[in-house]
Amino acid sequence: METQLERLRRRDADALAQWVDEHQNDLYRFLRQLTRHVETAEDLTQQTFVKALGSLSSFEGRCSMRTWLHRIAFREYAAWRRRHRILAPLNPNWAVKDRGLDDVTDSEGLLDALAKLPPAYREAFLLFEVQELTIEEIAEVTGDPIGTIKSRLHHARQKLRTLLSGTYHEVIHEH
Amino acid sequence: MNTEEKFVHPDLQALRAETSPTTLRARILTQLEKKEDSKMRTQNRFLRFSLSVGLVAVIGVGTLMMSNTANAIPRIKAALQDVSRYHVKSFHTTNGKRQLVSETWVDGQSERFVIYDANGKPVDLNQQIVDLNLEMGEKIKGLSVTESARIEVIGQALEDVKVFSGKVVGSGDVIVIGQPISGHPGDAKPGKSKPGKVKPAQSVQGQPLSGQQVIQGGEVRIVQGQPLDATIELAFVPVAMGGANGVEYLRKLLSDKELWNIERGVSLKGRLTDKYSLKEGLVNFILFVDPHSELPLLTRTTLGRGKTATTIEDEYDYVSALPKQN
């Protein structure tokens with residue numbers, strides 16, 4: 001019985017469609033919320049799939065496909081962020097107009113607060129709280145030690161608590 | 001037992017429920033199915049656009065707020081959109097040395113791409129091409145930027161990569177895994193071995209990184225047992241606008257008619273052309289246009305000044321047939 005991975009490696013059209021269906025929303029959401037730019041998120045999502053397809057031979061299944069794709073998406077985002085940082089001084093208005101932002105403004109309050117955090121905190125937070133990856137999976141995605149991820153999450157929450165005073169609370173849960 | 005905080009916020013569910021635009025699926029699938037060798041092409045394109053039209057895109061972004069002129073631009077745009085067959089030669093000039101770095105032939109849906117190495121020989125694109133990320137941590141002090149980098153094949157970390165100090169990595173550089181970077185007039189100094197780390201690059205192409213500076217990408221050849229050609233992203237590559245090819249970038253740029261100073265009847269290799277210069281911008285950008293066909297003949301982007309300036313030129317022609325496939 002041929003696995004999905006094997007079908008993907010031989011570029012089976014149905015397998016490709018299924019693969020995109022399974023992961024497209026997940027990756028787009030992650031990238032959109034990181035970049036806060038619809039078109040950029042679309043570009044990076046597409047680029048993630050393109051790179052992943054070209055790199056399938058190196059996918060050994062040591063982590064899940066979802067984690068692996070997040071890892072590639074994260075690399076794409078990191079590269080974009082470096083570019084964007086340089087672009088920002090050129091035209092501060094560039095990132096303001098986000099075609100499609102109207103669709104998601106209801107949930108932008110939290111993203112506004114996240115935008116005020118250091119990128120590493122924001123990334124860890126989104127991966128954990130929105131993408132619902134485990135600490136171990138986040139470490140796999142970002143390439144950082146588990147302790148570092150935990151520390152970033154802790155600091156992210158602390159800062160958000162201040163920024164979102166009145167709309168934020170946290171609970172302790174055990175698992 | 002693992003005890004963790006849990007964040008609760010009214011926006012969180014909305015963020016988790018966010019979905020992609022409906023058109024994205026088709027776009028991704030088209031991209032995936034269209035290209036059997038999509039990764040290789042992507043990387044090759046990436047190099048080319050990093051080196052050339054990416055800069056053009058940045059200029060476009062950086063100068064969108066300019067005042068008014070030029071009505072001719074939209075006509076050029078229209079002419080470009082009608083072109084399905086063209087040939088682009090990209091040259092890169094540094095330290096007074098002009099080098100052909102790539103050629104692209106497009107004929108309808110067909111496209112062929114050739115990258116040339118530092119000796120002017122075509123790079124064998126049939127070699128295995130690995131997909132690399134150059135991950136960089138940044139530490140900004142004033143206007144200088146310290147880069148630390150990790151080289152990694154997607155999904156597979158490279159082992160035994162030396163640490164480099166103060167390395168200037170440039171186009172055509174050769175990195176030998178486990179050995180110092182060679183093939184560049186920079187001052188690569190191997191540091192202590194630390195798997196997966198390469199650091200730092202304080203300048204690129206001989207130019208210091210700064211918060212106001214655009215740096216182009218570079219091609220780096222990775223050797224691990226056998227030669228592997230790869231394009232890595234280097235420093236800050238201004239390709240944020242995205243786009244499928246150089247002409248599309250140009251179309252975007254040309255869609256803004258307020259960007260340009262125009263001189264008519266400027267001679268270019270014996271032909272009278274119209275010369276369009278960006279009024280302002282981080283880098284100097286000039287476009288020479290054939291006044292009859294209204295098609296671009298040459299784009300010239302200059303980054304920096306004096307001896308350290310880097311010039312990227314794309315020469316367009318619209319008659320070359322596609323070369324035979326190897």
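All values reported here derive from a predicted model rather than from experimental measurement. Throughout, a chain's letter reflects where its sequence line sits, starting with A, and its residues are numbered from 1.
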Considering non-hydrogen atoms only, spot the tightest contact between [X] and [Y] and give its length.
X	Y	answer
A:Tyr28	B:Ser20	CD2-CA, 3.3 Å
A:Gln24	B:Pro21	NE2-O, 4.2 Å
A:Arg29	B:Leu15	CD-O, 3.0 Å
A:Val20	B:Arg25	CG1-CG, 4.2 Å

Would you compute the distance between atom [atom1] of [X] and atom [atom2] of [Y] and round it to the nearest 0.5 angstrom?
X	Y	atom1	atom2	result
B:Leu12	A:Glu132	CG	CD	7.5 Å
A:Glu42	B:Ile28	CD	CD1	8.5 Å
B:Gln31	A:Gln47	CD	CD	8.0 Å
A:Leu126	B:Arg16	CG	CZ	11.0 Å

Stepwise side-chain contact (heavy atoms from CB on, under 4.5 Å) test for B:Arg27 and A:Asp43: CA-CA 10 Å; B:Arg27 178 178 152 188; A:Asp43 286 348; 2.4 Å; yes
Portion of A:Phe30 that has a non-hydrogen atom of chain B nearer than 4.5 angstrom: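 Nothing of A:Phe30, per the 4.5 Å heavy-atom cut-off to chain B.
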